[in-house]
Amino acid sequence: MASHLPIVQFEDKIMKTVEDNAVVVIIGETGSGKSTQLSQMLHRRGYTKSGIIAVTQPRRVAAVSVARRVAQELGVTLGEEVGYAIRFEDRTSDLTRIKYLTDGVLLRECLSSPELNQYSVIILDEAHERSLNTDILMGLVKRLVKTRASKLKVLVTSATLDGEKVSEFFSDCPVLNVPGKLYPVEILYSEERPKSYIESSLRTAMDIHVREPEGDVLIFMTGQDDIDKLVSKLEDRVQSLEEGSCMDAIILPLHGSLPPELQVRVFSPPPPNCRRFIVATNIAETSLTVDGVVYVIDSGYVKQRQYNPSTGMYSLDIVQISKVQANQRAGRAGRTRPGKCYRLYSSEVYQEEFLDVTVPEIQRSSLAGSVLYLKSLDLPDIDILKFDFLDPPSFESLEDALKQLYLIDAIDDTGLITSVGQTMAELPLEPSLSRTLMEANENGCLSQALTVAAMLSAETTLLAGQSKSNEKKRKHPPPDLPDGSGYGDHVQLLQIFEEWDQNEFDIGWCKDKGLQVRGMMFVKDVRRQLSQLMQKIAKGSLNVRTNERYKERQRDYKNLRKALCVGYANKLAERMVQHNGYRTIGFKPQLVQVHPSSTLKTDEDGMFPNYVVYHELIATSRPFMRNVCAVEMPWVNPILKKLEKLNIDKLSGGSGHSIREESETKVSSLPKKEEAVTGVPDDRESRIQAARDRFLARKGKK
DNA sequence: GAGCACTGC
């Protein structure tokens with residue numbers, strides 16, 4: 001049935017190599033069939049006799065669809081011999097021999113079974129995407145291969161430009177190449193970078209439309225704004241074409257904040273004699289595959305989130321893509337027949353400026369959660385600062401994680417995990433929220449905290465996708481949602497859920513209030529999962545129900561805000577004396593503003609509260625605190641005391657080579673903006689910065 | 001009065 005797939009011809013060679021080696025790297029280009037075939041080959045060769053074959057995927061949909069496909073090919077019922085496990089959904093049974101799962105689920109399984117003994121083979125698929133979870137799994141699996149009592153085979157699949165590096169990491173294990181089943185894609189470079197890549201994409205798209213034979217066009221942009229602009233320009237130009245001079249055109253935007261029903265439009269084929277233009281973010285690079293694409297226009301840029309450990313701030317930057325990403329984008333043109341990729345940059349830029357591989361997420365994120373996770377595994381002789389990562393995060397980033405964990409009592413002053421920390425690691429939440437739940441459990445406001453944690457887990461998917469233009473078009477006023485009683489966004493999120501609860505979780509209510517139904521259903525799922533986990537952990541009777549009478553007595557939300565203050569001790573800010581700006585505490589101090597979308601209220605004098613905790617710092621046009629909650633001085637004092645006592649050398653195991661040069665107490669010198677938004681080490685940083693400057697300069701000129 | 005790319009437990 002799958003004999004047409006290129007990988008099948010390599011079965012003997014792959015199996016021989018797997019037999020002789022504990023770890024094998026498979027370079028499998030798109031369409032090679034690696035995701036569906038490797039597991040079946042191993043199954044045929046008896047590797048499922050001594051255990052289960054696990055295949056990890058970075059995305060839920062992929063885990064489900066690939067499992068479904070394999071079950072079909074083997075002629076078995078999904079959930080029996082072949083199954084999958086994703087959050088909220090475990091479709092496996094005692095019969096299961098091949099199990100597809102997200103890498104996050106496999107990490108959770110490690111918590112209860114650190115040696116993963118039920119598995120005879122672990123396949124880490126799509127490792128070249130370098131998700132945070134995949135990177136941690138690679139480190140763990142490398143240990144397991146050496147330490148586990150029973151034999152373990154590991155296969156890692158990656159991309160051409162990354163294979164050697166992964167092989168080196170796994171003690172120079174063999175690398176096998178499996179060709180893909182892509183049609184040739186002709187790469188056409190621009191001579192130079194365009195002044196405006198919107199205009200340049202528009203010109204290129206119209207050229208294709210007028211000159212080239214039928215086939216859809218996929219255009220990669222960086223964000224919703226640019227997509228909307230290009231879509232409307234394309235519509236204008238297509239309409240101004242002379243009737244009958246060329247085929248019809250349909251223009252579709254495609255990005256993550258588009259409601260699902262608009263996203264799926266790209267899956268319905270165009271009517272005859274009609275060309276589709278799909279203007280997309282990098283969602284079309286890996287997550288969604290659009291059939292019928294023959295032409296790709298690649299701007300060469302992507303919007304990327306990065307974390308700066310010295311300021312605790314994220315920034316969303318437009319950066320150049322990597323060679324792997326560029327090739328992935330080009331490959332989207334060759335799925336159904338030979339295609340063309342128009343790169344809006346020169347081959348010199350591709351060769352010399354583009355990084356081989358995307359900067360791994362582990363070097364762009366806050367590591368508090370990951371460090372806590374690794375500490376909770378209690379691996380023998382392991383120093384977290386020396387954990388064997390394929391690409392280690394910066395020392396500074398690990399120190400930042402330790403400091404944050406210390407402030408929320410997850411580790412003690414010598415860096416050892418506490419019993420509080422151990423419990424926190426069991427919860428599928430970021431550390432601040434896990435800590436809040438535990439404190440709320442002591443405080444008698446667990447039910448409220450569960451709701452807040454669940455709402456924040458889904459927060460970005462709650463508000464229905466609305467573009468600027470749509471907002472203007474819409475006549476009716478914004479739906480009236482609760483206002484958080486002035487205490488800020490956490491309380492507002494709680495009130496929204498409670499109101500939905502009072503309306504019997506009615507779907508119509510969500511729609512009226514402009515809330516995404518899917519997002520709200522997700523909140524319910526998360527809340528249920530968290531309640532169950534808390535019940536198991538606390539072993540006693542808990543009040544996890546939303547309880548009306550209790551709520552009535554708590555109009556000032558004091559207990560909840562207190563619990564949040566303990567949980568967010570690592571995310572605290574103090575208002576400036578003379579104005580409504582805040583200064584962050586516990587990091588290199590940053591001047592930040594309450595995000596304009598916040599419901600936090602000012603007092604009669606127009607001033608915000610003296611202290612707030614925030615969910616996240618994000619630098620967009622300016623540095624903002626997103627999702628803030630008012631807290632009070634007496635709750636803040638213990639945190640300030642703890643900060644005074646902070647000894648980072650002791651936390652990191654007294655290794656003595658701490659790189660902290662700037663004293664925590666140098667409050668007066670606020671950093672310049674450039675310092676505030678960078679977070680990528682070494683020369684890469686300056687290259688990305690330079691690219692961003694050039695890009696912004698061009699954008700500004702036009 | 002500003003604007004969030006994409007995943008996941």
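Computed from heavy atoms alone, side chains included, the values below leave out hydrogens, waters and symmetry copies. Chain letters run A, B, ... following the sequence lines, proteins first, then strands; residues in each count from 1.
- Proximity of Gln224(A) to the phosphate of dA5(B): a side-chain N or O atom is located under 4.0 Å from OP1 or OP2.
- Whole-Å rounding puts the Arg59(A) CZ to dA5(B) P distance at 18 Å.
- The Leu316(A) side chain lies nearest to dA5(B) when the options are dA5(B), dC9(B), dT7(B).
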Check against side chain to side chain donor-acceptor pair (under 3.5 Å), Ser257(A) and Gln224(A): CA-CA 8 Å; Ser257(A) 42; Gln224(A) 190 180 335; 3.1 Å; yes
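- More than 12 heavy atoms of other shown residues, nucleotides or ligands fall within 6.0 angstrom of atom CZ in Arg108(A).
- Residue pairs meeting the side-chain hydrogen bond (donor to acceptor under 3.5 Å, both in side chains) criterion with at least one member in residues 56-65 of chain A, sequence neighbours excluded: Gln57(A)-Asp125(A), Arg59(A)-Glu129(A).
- With dT7(B), dA5(B), dC9(B) as the candidates, the nucleotide lying closest to the side chain of Lys303(A) is dA5(B).
- The side-chain hydrogen bond (donor to acceptor under 3.5 Å, both in side chains) test with Tyr84(A) singles out one residue from Glu89(A), Lys99(A), Arg68(A), and that residue is Glu89(A).
- Backbone-only contact: Ile86(A) has heavy atoms under 4.0 Å from sugar-phosphate atoms and none from a base.
- At whole-Å resolution of the value, CZ in Arg364(A) and P in dT7(B) are 14 Å apart.
- A donor and an acceptor atom, one from each side chain of His595(A) and Tyr614(A), are nowhere located under 3.5 Å apart.
- Thr281(A) has a side-chain polar atom (N or O) that falls below the 4.0 Å cut-off from OP1 or OP2 of dC6(B).
- Going from atom OH of Tyr373(A) over to atom P of dC9(B) covers 13 Å, rounded to whole Å.
- For Thr102(A), the listed nucleotide lying nearest its side chain is dC9(B); candidates were dT7(B), dC9(B), dA5(B).
- Separating the CG atom of Leu367(A) from the P atom of dG8(B) is a distance of 20 Å, rounded to the nearest angstrom.
- Residue Arg60(A) places at least one side-chain N or O under 4.0 Å from the OP1 or OP2 atom of dC9(B).
- Atom CZ of Arg329(A) is separated from atom P of dC6(B) by 12 Å (rounded to the nearest Å).
- Of the two residues contacting DNA chain B, namely Ile618(A) and Val61(A), the nearest-nucleotide position lying further toward the 5' end is that of Ile618(A).
- Val302(A) comes within 4.0 angstrom of no nucleic acid atom, judged by non-hydrogen atoms across all strands.
- Of the candidate nucleotides dA2(B), dT7(B), dC9(B), dA2(B) has the atom nearest to the side chain of Pro596(A).
- Using a 4.0 Å heavy-atom criterion, one finds that Ser287(A) contacts the sugar-phosphate atoms exclusively.
- Protein atom CD of Glu616(A) is 14 Å distant from nucleotide atom C1' of dC6(B), rounded to whole Å.
- Look at CG on Leu427(A): it is 20 Å from P on dG8(B), rounded to the nearest Å.
- With rounding to whole Å, Phe624(A) atom CZ is found 6 Å from dA2(B) atom C1'.
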